[in-house]
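First up is the structure itself, then whatever we jot down about it.
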Amino acid sequence: MEFALIGDTGIKATRVCIGTWAIGGWMWGGSDESESIAAIQAGLKKGLNIVDTAPVYGFGLSEEIVGKAIAAAGRENVYISTKAGIQWRNGSTFRNASSGRIIQELSDSLRRLKTNYVDIYHVHWPDPLVPVEETAGAMNSLLEQGKIRAIGVSNFNVEQMERFRKEAPLHTCQPPYNIFERGIEKDVLPYCKKNGIAVLAYGALCRGLLSGKMRPDAVFVGDDLRNKDPKFQQPLFGRYLKAVDELAQLARTRYQKSVLELAVRWVLDQGADVALWGVRNPRQLELVEGTMGWSLDENAKKAIDDIIQRNIPSPEGPEFMAPSSRTPEEAKVY
Ligand code: NAP
C-alpha cells in the first residue's frame, strides 16, 4: 500500500480512498445498504484507511452507512473525509457555505457518522453568495475546537484558495481529475503542489467510464447522473469508449494491467496524492492492489495523451455536476 501525508496533521492516508457518493443512492439510481456496507468493509479489509462521504450524498444516507460500516473496524483505524456547504430542500440542492450552515452541518454529520470528530472536513463547493473569508473562518474555528483534524476545499479555483488561506490553514483540495477531465492541470494542481496542499482527486474512473465494463448499450436506471453526463450520450459516448478500448490495450500490452488499474495509477502518477474511487458493492475494489507499487513511464503517458487527442479532440468536462447557487432572495430565507 502507498500512503500520503496530509500536511502537518499526522494523517497518513492510503493513496486510494473509498468514495461513497453512489452509496447514498441519490443521482446514482438508488443503492443497497448491505452491499454498500460490504463495499466499504471490503476496502478496509484490503488495507485502505480513508473513506470520503458528504451530507448531500443521499441526503444523509451515505454518512449513516459509512458510520455503520466503519464501526466494526474501530473509529481510530479509519480516516473520515466529509464535507459541508450544500443544502437540500424538497429534493433540490443549492450551495450554502455560510458560517452558520457549516457549523450546523458538522454537528449533523457527527451524529450520522456516530463520531465526535472528522478527520478531513471539506467545503464542498464555493458559494458565490458567501465571502470565502466567512467560510474559512468557520472551518478554522472547528479546527481550533478539535472537532476536525484537517481543512479541505473542493471545486475551488486558485483565487478562492488564496483568499481562504489568509483566514485558515488549508490541508487538502478535492478537485475532479482523471484521464478524460484534466482541467486542474493548468493551475489548481501546480498551486496545490507548490503550497503543500494534498490533492484528493475525485472521479478517478470518470464515473465508471474508465472501469472497462462500459458498453455502447449501457443503461442507467432512475436518476443516475450518467443519463445527463454528456460523455455518456451518443455519438460522444462511442468516441470515449473507443479511447477506453485503446487505453485498455496499452495497459495490457505495456503493463499487463487493466484499464481501471491504469486510470487510477495515472491520477496518482500525475501528482494527485490520493485517488477517490467510488464504489457501491464489494467486488468493485478487487483490483486495488493492482494500482499500487508501479508507475507509468513518460512514453506511456505520451501514448495516453495521443489516444485522447486522436479520439476526443474536444473533451467534455465535469461541469454538468455543479450544484446551483441560491438566488439572493433565497439566501435571505435559507
Ligand atoms: P468514480 O470513482 O469515477 O466512479 C465510480 C463508479 O464507477 C462507481 O459508482 C461504479 O459505478 C463504477 N465502478 C467503480 N469500481 C468499478 C469496478 N471495479 N468495475 C466496474 N465499475 C466500477 O466516480 P465518483 O464516485 O463520482 O467519484 C469518486 C468519489 O469522489 C465519490 O464517491 C465521492 O466520494 C467523491 N466525489 C466528490 C465530489 C466533490 O464535488 N467533492 C464530486 C464527485 C465525487 P456503477 O456500479 O454504478 O456502474
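Note that this is a predicted model, so its numbers are computed, not measured. These values consider heavy atoms only, across backbone and side chains, with no hydrogens, waters or symmetry-generated copies. All ligand and atom numbering here is 1-based and tracks the order in the structure.
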Could Lys114 and Glu64 be called an ion pair, given the rule that one side-chain N must be under 4.0 Å from one carboxylate O?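 So Lys114 does not pair with Glu64 through a salt bridge.
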Identify whether the distance between the nearest side-chain nitrogen and carboxylate oxygen of Asp223 and Lys228 falls below 4.0 Å.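 No salt bridge links Asp223 with Lys228.
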Phe156 six-ring centre to Arg163 NZ/CZ under 6.0 Å and within 45° of normal: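 Ring-cation test returns no.
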Give a yes or no on whether Leu129 and Met139 share a hydrophobic cluster (residues Ile, Leu, Val, Met, Phe, Trp, Tyr; joining criterion: side-chain heavy atoms under 4.5 Å apart).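 No; tracing contacts between hydrophobic side chains, which count when under 4.5 Å, never links both residues.
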Would you confirm whether the ring centroid of His124 sits within less than 6.0 angstrom of the ring centroid of Tyr57?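 Tyr57 vs His124: aromatic centres under 6.0 Å.
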What residues come within 4.0 Å of ligand 1, counting heavy atoms only?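 Only Gly19, Thr20, Trp21, Ala22, Trp28, Asp52, Tyr57, Lys83, His124, Trp125, Ser154, Asn155, Gln174, Tyr202, Gly203, Ala204, Leu205, Cys206, Arg207, Gly208, Ser211, Lys213, Arg226, Leu260, Leu276, Trp277, Gly278, Arg280, Gln284 have heavy atoms that fall under 4.0 Å of ligand 1, ordered by chain and number.
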Could you tell me which non-hydrogen atom of Asp273 sits nearest to which non-hydrogen atom of Ile197, and how far apart they are?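 Heavy atoms of Asp273 and Ile197 come nearest at OD2-O, 4.2 Å.
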